Amino acid sequence: MRETFESAEKIYYTILATIAVPANLMAILILSLGKCGLSTCTTRYLVAMVAADLLVIITEVILNQINYYYFPLCFLDITPVCSIRTVVLRAATDCSVWFTVTFTFDRFVAICCQKLKSKYCTKKTAAVVLATTCIVLCLKNIPFYFAHEPGWITDSVPWLCNSKPSYYTEPGWVGFNWFDTVLNPLLPFALILLLNALTVRHILVASRVRKGLRGHSKGENRSDPEMESRRKSMILLFTISGNFILLWSVYVLYFFNVAYHFDDDSFYIFEQVGFMLLNLSCCTNTFIYGVTQSKFREQFKNVVKYPVTSILQLVNK
């Protein structure tokens, strides 16, 4: 059962890497052009999220999973290199998650806090928030470099990264592990649910008030640019947040050991499915932009057509 599942995993991660890398690179290019009809502030958050997702795909899917299946015991498995990979992967995963939180909070402010919107929802604030978040999370994950020891040593070369026994017993490491757990995924999960709930509540109240003021209750049918703008922002926000919550749910359940009564193979599969969905979340945002943003689709078509158009122009000359 486990061998069959691992074969499926190998195929899954190969397909995921093949799709996710070009998709995320394309999303970064299109969003960076700034022609998707989004504010500079929103664009910066989205680019940061896609860049973090791309780094997760590279470190986890390519350098970890695909390396394990296709290139066992290579340079990447030397203990110091393996430890650096672990730090980079954890930092990238944390950034991917917390950039989603900061984007959710930015949209919450934009929709629900009109007085704060002009001061907070700016490209300068977005840059400061993203840079600070990235630096703090990178520093926070440095201790993981020292949490490993070699699996074995051959010709003075240490191989693999095994967790030190003290990682599970020493109070410092135990406390750090709990802190890491709260920081990701428990706190982000709770914050995203809370912010979305508050945003929905505000939108419902504001919608009723504006409809009353504009005479909709009397059967008039006039367009409301403000509500249309909020609707588009709300669709993007809820789609990204909902996608995050859905694909991280299995991992969160695993984290609470809800599968403790499973047998070994079932628990292993439950655990790995959680990681597979977690990694899948790092390539879905690009498709979300394509589905929810018409201008993103238009720019995607232009980018795809550009090489063909350029070649045809050269041929005609």
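Along the sequence shown, the residues carry numbers beginning at 1. All figures in this text were calculated on a predicted structure; none of them were measured in a lab.
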Distance-only donor-acceptor check, side chains Q65 and Y12, under 3.5 Å = no
Verify the distance criterion only: is there a donor paired with an acceptor across the side chains of Y268 and E6 at less than 3.5 Å?
-> yes
Do [X] and [Y] have side-chain heavy atoms sitting under 4.5 Å apart?
X: F270; Y: S266; answer: no
X: L46; Y: N285; answer: no
X: T100; Y: M49; answer: yes
X: F244; Y: S281; answer: no
X: Y289; Y: L236; answer: yes
X: I30; Y: C36; answer: yes
X: I245; Y: S249; answer: yes
X: E60; Y: F275; answer: no

Side chain to side chain contact (heavy atoms under 4.5 Å, CB included) between W248 and L277, worked out | CA-CA 7 Å; W248 274 75; L277 293 176; over 6 Å; no
For the [atom1] atom of [X] and the [atom2] atom of [Y], what is their distance to the nearest 0.5 Å?
X: N279; Y: T284; atom1: CG; atom2: OG1; value: 11.0 Å
X: C112; Y: L198; atom1: SG; atom2: CG; value: 7.0 Å
X: L204; Y: T199; atom1: CG; atom2: OG1; value: 10.5 Å
X: L73; Y: N67; atom1: CG; atom2: CG; value: 9.5 Å
X: I28; Y: L33; atom1: CD1; atom2: CG; value: 12.0 Å
X: L186; Y: L191; atom1: CG; atom2: CG; value: 11.0 Å

Going only through I, L, V, M, F, W and Y residues with side-chain contacts under 4.5 Å, is there a path from [X] to [Y]?
X: V291; Y: M26; value: no
X: F71; Y: I57; value: yes
X: L253; Y: L247; value: yes
X: F189; Y: L246; value: no
X: V200; Y: F103; value: yes

Counting N and O atoms only, with roles assigned by atom type, does the side chain of [X] sit under 3.5 Å from a partner on the main chain of [Y], one being a donor and the other an acceptor?
X: S241; Y: F238; answer: no
X: T79; Y: L160; answer: yes
X: R85; Y: L63; answer: yes
X: D77; Y: C74; answer: yes
X: N184; Y: D180; answer: no
X: N177; Y: W173; answer: no
X: S310; Y: Y306; answer: yes
X: T86; Y: C82; answer: yes
X: W98; Y: L183; answer: yes
X: H202; Y: I111; answer: yes

Can you confirm whether [X] is buried at [atom1], in the sense that more than 12 heavy atoms of other residues, nucleotides or ligands lie under 6.0 Å from that atom?
X: D155; atom1: CG; value: no
X: F296; atom1: CZ; value: yes
X: K164; atom1: NZ; value: yes
X: R201; atom1: CZ; value: no

Least distance between heavy atoms, [X] atom then [Y] atom:
X: P158; Y: P150; value: CB-CG, 3.5 Å
X: T132; Y: V128; value: OG1-O, 2.7 Å
X: V101; Y: L195; value: O-CD1, 4.5 Å
X: N24; Y: C282; value: ND2-O, 3.0 Å
X: V129; Y: T133; value: O-OG1, 2.7 Å
X: V56; Y: S96; value: CG2-CB, 4.3 Å

Side chain to side chain contact (heavy atoms under 4.5 Å, CB included) assessment of T104 paired with L237 = CA-CA 7 Å; T104 304; L237 168 64; 3.8 Å; yes
State yes or no: are the ring centers of Y45 and F99 separated by less than 6.0 Å?
-> no
Would the F105 and Y120 ring centres measure less than 6.0 Å apart?
-> yes
Under the side chain to side chain contact (heavy atoms under 4.5 Å, CB included) rule, what do T93 and L89 come out as? Steps first, then yes or no, please.
-> CA-CA 6 Å; T93 303; L89 170 59; 3.7 Å; yes
Intermediate values then yes/no, side chain to side chain contact (heavy atoms under 4.5 Å, CB included), V47 and S32 | CA-CA 7 Å; V47 169; S32 298; 4.2 Å; yes
What residues, two or more places apart in sequence or in another chain, satisfy side-chain hydrogen bond (donor to acceptor under 3.5 Å, both in side chains) together with Y70?
-> T14
